[in-house]
Amino acid sequence: MIEVINLTKKFGDFTAVEDANLTINYGSFIGLLGPNGAGKTTLIKMLIGLLKPTKGEVFIEGQKMNRHNNDIKSKIGIIPQHTNLDKELTVYENLVFAARLFKIKKKDHGIKIEKLLHFMELEKSRDKQASQLSGGMQRKLMIAKALINEPEIIFLDEPTVGVDINGRRKIWDILKAMRSMGKTILLTTHYIEEADYLCDEVCFIDQGRIFENDTPAILKERLGEYTVEYFDENLKTNYKYFDTRADAIVFSKSIENFTYTIRDTTLEDVFYNFTNRKVM
Ligand SMILES: Nc1ncnc2c1ncn2[C@@H]1O[C@H](COP(=O)(O)OP(=O)(O)OP(=O)(O)O)[C@@H](O)[C@H]1O
Ligand SMILES: [Mg+2]
């Protein structure tokens with residue numbers, strides 16, 4: 001459904017994304033996971049035709065993506081990293097504005113907007129100015145705007161940044177519901193637990209390169225499902241990975257003098273193992 005081939009973006013001498021290759025199948029939920037400055041926004045902007053690649057191509061449903069391809073653009077919904085709401089307008093008016101942008105017939109506005117307000121649990125806030133909404137509610141309104149056109153493919157750039165834990169869980173539920181409706185979803189995040197909880201497949205990106213790409217379960221399994229984390233005599237935290245809890249316990253006997261824990265391996269461990277750095 002989406003094919004990304006050798007996608008590269010340079011800004012002057014600086015390479016923000018280098019040779020990204022990715023296949024996204026119909027109906028799957030992909031997470032692009034990486035720290036600040038990894039190249040997530042740059043990559044997503046090339047996917048949606050907002051930024052011209054220096055090299056490489058993006059095909060969506062077999063058609064080459066570029067900013068003038070209105071046929072593809074009508075099939076995708078975009079929730080950018082920074083707000084795209086009109087803060088002076090109400091929730092309802094923001095949605096009318098989005099409906100007009102997509103040239104949806106005026107007689108259909110009412111029913112589509114009501115459906116979205118209901119789906120997003122924004123009914124009670126319909127007459128509030130966007131500027132009066134909490135961060136989480138603003139994100140939900142941004143998602144509602146992107147869904148007005150009933151897109152098949154949805155791109156979200158850090159949809160839960162600055163949202164408290166309750167708001168984040170609500171947004172996660174909405175994304176899960178969209179997934180179960182058969183939508184194809186790509187999101188970027190630097191929250192490990194977000195990628196782990198939501199995504200069928202996780203792509204790790206760091207310094208412009210995609211260096212791992214698989215299901216969360218396989219990524220963790222490959223490293224070893226059990227982690228022994230211990231604090232050594234050099235005041236350094238060490239990590240060792242094991243396939244079985246029994247092996248982890250055997251190892252822990254050899255470091256009994258140190259403070260240690262045995263725990264499940266996380267995607268953070270996978271990232272750390274490759275880069276020697278944490279995602280956040
Ligand atoms: N227009 C630009 N001109 C020059 N450099 C840029 C431009 N846009 C992005 N960059 C650089 O490219 C790198 C990747 O940026 P990008 O915004 O894609 O990262 P990100 O993974 O989305 O980070 P964040 O988590 O902070 O949103 C950064 O070093 C950034 O400074
Ligand atoms: Mg970004």
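Predicted model, so just to flag it, every value in this text is computed and none were measured. When a ligand or atom number is given, it counts from 1 through the structure's own listing order.
The Mg ion (ligand 2) has Thr41 OG1, Gln81 OE1 as its protein N, O or S neighbours under 2.8 Å.
Under a hydrophobic clustering in which Ile, Leu, Val, Met, Phe, Trp and Tyr are joined whenever their side-chain heavy atoms come within less than 4.5 Å, directly or via other members, Phe242 and Val270 fall into different clusters.
The local environment of CG in Asp13 is sparse, with at most 12 non-hydrogen atoms from other residues, nucleotides or ligands closer than 6.0 Å. Summarising the local packing, CZ of Phe258 is surrounded by more than 12 heavy atoms from other residues, nucleotides or ligands at distances under 6.0 Å.
Screening His82, His190, Arg139 for a side-chain hydrogen bond (donor to acceptor under 3.5 Å, both in side chains) involving Glu158 leaves a single residue, His190.
Nearest heavy atoms, Val163 versus Gly136: CG1-CA, 3.7 Å. The heavy-atom pair separating Val58 from Met46 by the smallest distance is CG2-O, 4.0 Å. Shortest non-hydrogen contact noted between Leu7 and Val17 is O-CG1, 3.5 Å.
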For ligand 1, run through the N/O pairs with the protein that fall under 3.5 Å and put one pair on each line.
residue	atom	partner	partner atom	Å
ligand 1	18 (O)	Thr41	N	3.4
ligand 1	18 (O)	Thr42	N	2.9
ligand 1	18 (O)	Thr42	OG1	2.6
ligand 1	19 (O)	Gly39	N	3.3
ligand 1	21 (O)	Ala38	N	3.1
ligand 1	21 (O)	Gly39	N	2.9
ligand 1	21 (O)	Lys40	N	2.9
ligand 1	21 (O)	Lys40	NZ	2.9
ligand 1	22 (O)	Thr41	N	2.9
ligand 1	22 (O)	Thr41	OG1	2.8
ligand 1	23 (O)	Gly37	N	2.7
ligand 1	25 (O)	Asn36	ND2	3.1
ligand 1	25 (O)	Lys40	NZ	2.8
ligand 1	25 (O)	Glu158	OE2	3.2
ligand 1	26 (O)	Asn36	ND2	3.1
ligand 1	27 (O)	Gln81	OE1	3.1
ligand 1	27 (O)	Gln81	NE2	2.9

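For the pair Arg209 and Glu18, the salt-bridge criterion is met [side-chain N within less than 4.0 Å of a carboxylate O].
Taking the centre and axis of the six-membered ring of Tyr197, the NZ or CZ atom of Lys176 falls inside the cone set by 45° and 6.0 Å.
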